[in-house]
Amino acid sequence: QVQLVESGGGQVQAGGSLSVSCVASGRTLSSYAMGWFRQAPGKEREFVVGISRSGSTTYYADSVKGRFTISRSNAENTVYLQMNSLKPEDTAVYYCAAAQGSGWYRVANEYDYWGQGTQVTVSS
């Protein structure tokens with residue numbers, strides 16, 4: 001079993017940047033494909049980006065493609081999400097998730113473990 005803890009959220013103006021991270025404990029991160037999801041108030045949780053266990057494959061939601069970058073350091077047991085050119089519609093609680101598989105996954109129920117989330121607020 002793995003425990004995930006996100007950090008780095010905050011508030012930024014539109015056009016700005018934020019970086020959030022997710023530290024895993026309990027098991028080595030290299031055993032899991034990872035993903036970031038977000039949930040805005042009154043909306044369903046939505047896929048943002050997924051990354052394979054090795055980091056060689058990534059898949060971005062169209063809404064963030066070209067603005068967000070996922071990376072991982074298996075040595076540090078950490079996954080990062082760099083968010084640039086932020087928009088007010090990016091405001092949400094951002095969750096990292098771990099899946100016991102070798103690919104990448106975009107559906108929430110394919111993930112086995114979830115962090116508690118970190119708030120990202122983008123003001124106009």
Side-chain angles (χ1 to χ4, degrees):
Q1 190 168 355
V2 64
Q3 294 79 44
L4 305 173
V5 178
E6 301 96 335
S7 63
Q11 185 167 351
V12 67
Q13 288 191 328
S17 298
L18 275 177
S19 178
V20 292
S21 60
C22 172
V23 178
S25 61
R27 288 196 64 181
T28 179
L29 196 65
S30 61
S31 300
Y32 301 92
M34 300 297 295
W36 286 95
F37 289 75
R38 65 187 182 185
Q39 188 167 18
K43 295 188 177 181
E44 293 186 354
R45 191 169 298 190
E46 67 171 348
F47 171 80
V48 175
V49 59
I51 188 168
S52 60
R53 288 190 297 187
S54 68
S56 61
T57 304
T58 57
Y59 187 86
Y60 293 86
D62 287 344
S63 58
V64 305
K65 199 173 295 182
R67 299 188 297 121
F68 289 14
T69 303
I70 189 172
S71 61
R72 64 188 297 161
S73 170
N74 289 338
E76 297 176 348
N77 262 16
T78 304
V79 178
Y80 303 95
L81 182 64
Q82 176 66 39
M83 302 179 288
N84 298 327
S85 302
L86 283 160
K87 304 175 182 180
E89 51 263 43
D90 294 318
T91 295
V93 176
Y94 282 71
Y95 298 89
C96 73
Q100 293 177 320
S102 58
W104 56 266
Y105 308 93
R106 62 180 301 177
V107 178
N109 63 14
E110 294 179 300
Y111 287 84
D112 303 288
Y113 304 101
W114 292 82
Q116 84 289 347
T118 185
Q119 177 71 46
V120 171
T121 303
V122 184
S123 58
S124 57

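Partners of Ser71 by side-chain contact (heavy atoms from CB on, under 4.5 Å), not counting sequence neighbours, listed by chain and number: Tyr80. Residues satisfying the ring pair (Phe, Tyr, Trp, His ring centres under 6.0 Å) test with Tyr105, not counting sequence neighbours, are none.
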With a cut-off of 3.5 Å and sequence neighbours excluded, list every side-chain donor-acceptor pair involving residues 25-35.
| from | atom 1 | to | atom 2 | distance (Å) |
| --- | --- | --- | --- | --- |
| Thr28 | OG1 | Ser30 | OG | 3.2 |

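In terms of heavy atoms, Thr118 sits closest to Gly9 at OG1-N, 3.2 Å. The minimum heavy-atom distance linking Gly117 with Val93 is given by the pair CA-CG1, 3.8 Å. Looking at every heavy atom in both residues, Ala92 comes nearest to Gln119 through O-NE2, 3.4 Å. Nearest heavy atoms, Ser124 versus Pro88: CB-CG, 3.9 Å.
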**OP:** Show the numbers, then the answer: is there a ring pair (Phe, Tyr, Trp, His ring centres under 6.0 Å) between Phe37 and Trp114?
**Re:** CA-CA 10 Å; Phe37 289 75; Trp114 292 82; 5.0 Å; yes
**OP:** For Glu46 and Glu44, run side-chain contact (heavy atoms from CB on, under 4.5 Å): C-alpha distance rounded to whole Å, both residues' side-chain angles, the deciding distance at 0.1 Å, then the answer.
**Re:** CA-CA 6 Å; Glu46 67 171 348; Glu44 293 186 354; over 6 Å; no
Original post:
When you look at Val79 and Trp36, which way does the side-chain contact (heavy atoms from CB on, under 4.5 Å) test go after all the steps?
Top reply: CA-CA 9 Å; Val79 178; Trp36 286 95; 3.5 Å; yes
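We find the OH-CG distance between Tyr111 and Leu4 to be 11.5 Å, quoted to the nearest 0.5 Å. Once rounded to the nearest 0.5 Å, the distance linking CD of Glu6 with OH of Tyr95 reads 8.5 Å. Atom CD1 of Ile51 sits about 4.5 Å away from atom CD1 of Ile70, to the nearest 0.5 Å. To the nearest 0.5 Å, atom OG of residue Ser17 and atom CE of residue Met83 are 9.0 Å apart. The line from CD of Gln3 to CD of Gln116 is 12.0 Å long, rounded to the nearest 0.5 Å. Between the CG atom in Leu81 and the OG atom in Ser21 there is a gap of 10.0 Å [rounded to 0.5 Å].
Between Thr121 and Thr91, the side chains place no donor N or O within less than 3.5 Å of an acceptor N or O (distance only, hydrogens not considered).
Residue pairs meeting the disulfide bond (SG atoms under 2.5 Å apart) criterion with at least one partner in residues 84-117, sequence neighbours excluded, are Cys22-Cys96. Pairs of residues two or more places apart, or lying in two chains, that qualify as salt bridge (Lys or Arg N to Asp or Glu O under 4.0 Å) and include a residue from residues 67-85 are Arg67-Asp90. Counting only residues at least two apart or in different chains, salt bridge (Lys or Arg N to Asp or Glu O under 4.0 Å) contacts with residues 98-124 are absent.
Tyr60 and Phe47 fall into different hydrophobic clusters, where Ile, Leu, Val, Met, Phe, Trp and Tyr are joined by side-chain heavy atoms under 4.5 Å apart, directly or via other members. The hydrophobic clustering, which links ILVMFWY residues whose side-chain heavy atoms are closer than 4.5 Å, places Tyr113 and Trp104 apart. Linking Ile, Leu, Val, Met, Phe, Trp and Tyr residues whenever their side-chain heavy atoms come within less than 4.5 Å places Val49 and Val120 in a single cluster.
Other residues, nucleotides and ligands place no more than 12 heavy atoms under 6.0 Å from the NZ atom of Lys43.
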